[in-house]
Amino acid sequence: MAEVDSFQNLLAARMLLKTSLEKSRSVASALEKTGPRLEEIKQRLPSLEAAVRPLRVQKCSLAAVGGHISRAVGPAAAVLKVFDAIHGLEKSLSSDPTSDLYGYLLVVKRLEEALRFLAENCGLAIRWLEDVVEFLKDNAVTDDHRYLSNVTKSLNILRELQANEERARLDGGLLSAAYDKLETEYRRLLGENGVPLPIITSSSSVVAPSSLPDFVIQKLQAIIERLSANNRLENCISTYIDIRSSNVTACLEPLGLDYLEISIFEFDNFQNVESSIDLWSKHLQYAVKNLLELEYQLCNDVFEKIGLDVSIDCFARIAIQSGFLAFIQFGNTVTESKKDAVKLFKLLKIFHTLNELRLDFNRLFGGKSFIEIQIPTRHLIKRVIDGACEIFWELLPQVEVHRGTSPPSNGSVPSLVSFVVDYCNQLLQDDYRPTMIQVLEIHQNWKHQKFQEELLRKEVCNIVEAVQRNLDAWSKAYEDTSLSYIFLMNNHCHLYKALKGTSLGNLIGDSQLREHKKYKDYYASIYLRESWGMLPCLLGQEDETLFSGGRAMACSLVKKKLKAFNEALDGTYKKQSNWVVADENLRKRICQLVVDAIVPVYRSYIQKYEHFIEQDGIKNVKIYTEEGLVNMLSSMFQPKMGKCYSTNTRHSIDKKSEIVTSQFPSTTVVA
């Protein structure tokens, strides 16, 4: 009966071994193809079987050991066979994954599965063999055939295998080395593909961004998936960020972005501020719409299988590491520069650019990972809007403040007038008007005030009216009324020509333009009457009775009148020699009217009394030739070098800004 029970136990052990072997068949069948590698492991396996085989002979004393042996032999044999197959993979894993990446990944996956099987079963087999050893010792089973020593030796072998499995996962182990090779291939794929391409154009040399081919993206995804499953995802992310951010930097470097690093102390003396802001706008749009847009899409594609959070965080680190924040810092430098009227246009350009990119910013930099970009950008927008509105609302008070200043001594157009007219006209043009309105609306909303659509137009009209009031006040500051007429004539002429056909002219209306033209002609006529009207009277027709005293008396009278005329002419000419009529057409017209008023009368007088002049000779009295008198009068009111004020409404404000800087506030107050 005991023999039957022992035989049944052996059958049960056989079934357990068969079940265990079938459990690992899916892994072992693939691994067996690599062939046996560890002959010494195979040589140890018979020793394990030899330790168990004699137990069958001792039927009575070992009957109770059968269950322990049955549980231990099956897993132990399977563990040995799988471990032997693992070493068959060493040759494949020592090769370069470049030639067959997907085959290499498959081998790595098989190795992972084999090691996972060992991790799950090696410990179990060890514990069961430990139970057998402990049972044999406790039951004092005889060791005539070295059963106990053989089982103990097999136990040590399994313990060594377990240690080898653990070392395979550590740095320098078989699996760790395979992961290192995959990371190297990952870096190679990124480094050799998507390299920025230099493009030579007729005007410049630029570097264009390059995407990654689809097959490269697929390989990167496969490597990331394998490494991510083994706690190496951060290495993939760091490598990707380093290489792709370097590519972005390489694309930006040829643009010449040195101006982005200018300090606030250097900025106020920087000569190319306007052109730098234009470049900033162009370069920022290129960086966002071309470079970072591409990186955003690539991050989503490469890390698609890992998760959106990973791709967003990766893109955020690329954007920051590539130096994108330098663009935001440049905008802040502009807002911190000295405050003057022209700065308003700089701020509006910055806002316009940021507003054009608003949807791109929200889409690309909308997550929590972009806090380092979001906060400086919001801060910049607030400073731009606050600064622009502060300058805008100071324009009218500053125009009014200058009402008490002295007008030009030559009666020309004050630089403030030409500046304000061109300034307001430019503010109303399509390049700035919509942006200014939007800035005002946002600022009003921040203050919880209702925005009025006509706010900009009304304020500009108020500024123009303030300029006109300034002109009236300045004209009264002249001691010479004729000079005040020249001043008013010049300014009404300038306003008429500067406003006609412009946005500002359309705003104030045709009736106001006609008023300027009418006042120009009015003050021109008053000037002629007041300055030159008395000179022809000095050469009026003589009464014949005055000549009854004889020829000598008549000659004396002619001499006296010519002398009085010359003194009046020379005095007027000398006094007005520094006066200026800036508009060329108006200047020619005024000079011609003076010539028409003076020369014919003078010519007629000289011709009438020519016989006195030729025969008796009038000494000490200058006699003008007609040509000389015309040339003298026609040369009046010429603008002096460096003091010519253009009446062209398209004249750039920037060319007048230096003149007006001393008149408009220029402080270091942050705007």
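Just the heavy atoms: all of them, side chains too, but no hydrogens, waters or symmetry mates, feed the values below.
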Would you list the atom pairs, donor with acceptor, under 3.5 Å between side chains in residues 445-460 and any protein atom, with sequence neighbours excluded?
{"unit_1": "N445", "atom_1": "ND2", "unit_2": "E441", "atom_2": "O", "d": "3.2"}
{"unit_1": "Q449", "atom_1": "OE1", "unit_2": "Q444", "atom_2": "NE2", "d": "3.4"}

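- A perpendicular orientation is assigned to the rings of Y240 and F303, their planes being inclined by more than 60° (bins at 30° and 60°).
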Walk me through it: do Y179 and V108 pass the test side chain to side chain contact (heavy atoms under 4.5 Å, CB included)? CA-CA 8 Å; Y179 291 152; V108 171; 3.8 Å; yes

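- The distance from the CG atom of D96 to the OH atom of Y104 is 8.5 Å, given to the nearest 0.5 Å.
- Put simply, the side chain of F315 reaches to within 4.5 Å of the side chain of L292, judged on heavy atoms.
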Determine, step by step, whether V439 and V384 satisfy the side chain to side chain contact (heavy atoms under 4.5 Å, CB included) criterion, reporting the C-alpha distance in whole Å, the side-chain angles of both residues, the deciding distance to 0.1 Å, and the verdict. CA-CA 9 Å; V439 166; V384 167; 5.8 Å; no

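- Taking CD1 from I371 and CD from Q374, the interatomic distance works out to 5.0 Å, rounded to the nearest 0.5 Å.
- If you check the side chains of T377 and R358, you find no donor sitting under 3.5 Å from an acceptor.
- The two residues L182 and I223 make their nearest non-hydrogen contact at O-CG2, 3.8 Å.
- Minimum heavy-atom separation, L212 to I217: O-CD1, 3.7 Å.
- Across I241, N247, T249, a single residue satisfies side chain to side chain contact (heavy atoms under 4.5 Å, CB included) together with S322, and that is T249.
- Using modelled atom types, one side-chain atom of S311 and one backbone atom of L308 make a donor-acceptor pair closer than 3.5 Å.
- The main-chain N or O of C236 is found under 3.5 Å from a side-chain atom of Y186 such that the two form a donor-acceptor pair.
- Using a 4.5 Å heavy-atom threshold, the side chains of E293 and R363 count as touching.
- More than 12 heavy atoms of other residues, nucleotides or ligands shown are found within 6.0 angstrom of CG on N362.
- A salt bridge between D313 and R317 is present, with a side-chain N of the basic residue lying under 4.0 Å from a carboxylate O of the acidic one.
- Nearest heavy atom pair, residue A222 against residue L105, reads CB-CD1, 3.6 Å.
- Summarising the geometry of M436 relative to A388, their closest heavy-atom pair is CE-O, 4.5 Å, with the distance given to 0.1 Å.
- Under a 4.0 Å N-O distance rule, the pair K368/D309 does not qualify as a salt bridge.
- The list of salt bridge (Lys or Arg N to Asp or Glu O under 4.0 Å) pairs with a residue in residues 239-254, not counting sequence neighbours, reads R244-E295.
- Note that CG of L427 and CG of L348 are 7.0 Å apart. Values are rounded to the nearest 0.5 Å.
- Judged purely by atom type and a 3.5 angstrom limit, W280 uses its side chain to pair as donor or acceptor with the backbone of F327.
- Side-chain atoms of S281 never come within 3.5 Å of backbone atoms of I277 as a donor-acceptor pair (strictly under, hydrogens ignored).
- Closest of all the heavy-atom pairs between T335 and L380 is CG2-CD1, 4.0 Å.
- Put simply, CG on L257 and CG on L284 are 10.5 Å apart, with the number rounded to the nearest 0.5 Å.
- The backbone N or O of S246 sits nowhere less than 3.5 Å from a side-chain atom of Q321 that would complete a donor-acceptor pair.
- Screening residues 424-437 for salt bridge (Lys or Arg N to Asp or Glu O under 4.0 Å) gives D430-R433 as the qualifying pairs, with residues at least two apart or on separate chains.
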Side chain to side chain contact (heavy atoms under 4.5 Å, CB included) between H352 and N355, worked out: CA-CA 5 Å; H352 178 72; N355 190 54; 5.8 Å; no

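- Two residues are said to be in side-chain contact when any heavy atoms from C-beta on lie closer than 4.5 Å; Y423 and L395 meet this criterion.
- The two residues L440 and C389 make their nearest non-hydrogen contact at CD2-SG, 4.0 Å.
- Ion pair E390/K343 not flagged as a salt bridge, since none of the NZ, NE, NH1 or NH2 atoms sits closer than 4.0 Å to an Asp/Glu carboxylate oxygen.
- The backbone N or O of V334 lies less than 3.5 Å from a partner atom in the side chain of S337, making a donor-acceptor pair.
- Between Y259 and H283 there is a side-chain heavy-atom pair separated by less than 4.5 Å.
- A centroid separation of less than 6.0 Å is found between the aromatic rings of F365 and F324.
- Proximity of I224 to K305: side-chain heavy atoms (C-beta onward) are nowhere separated by under 4.5 Å.
- By the 4.5 Å heavy-atom criterion applied to side chains, R232 and S176 are counted as neighbours.
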Would I442 and I381 satisfy side chain to side chain contact (heavy atoms under 4.5 Å, CB included), going step by step from the backbone distance to the final call? CA-CA 11 Å; I442 294 173; I381 293 174; over 6 Å; no

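- Taking CG from L364 and CG from L359, the interatomic distance works out to 10.5 Å, rounded to the nearest 0.5 Å.
- Under 3.5 Å, the side chains of E225 and Q221 contain no donor-acceptor pair of N or O atoms.
- Enclosure of atom CD in E372 is not indicated, since only 12 or fewer non-hydrogen atoms of other residues, nucleotides or ligands lie within 6.0 angstrom.
- Panel note: side chain N193, backbone L189; a donor-acceptor pair is recorded below 3.5 Å.
- Note that CG of D301 is 10.5 Å distant from OH of Y296, once rounded to the nearest 0.5 Å.
- The residues K219 and E185 are annotated as not salt-bridged, no charged nitrogen and carboxylate oxygen being separated by less than 4.0 angstrom.
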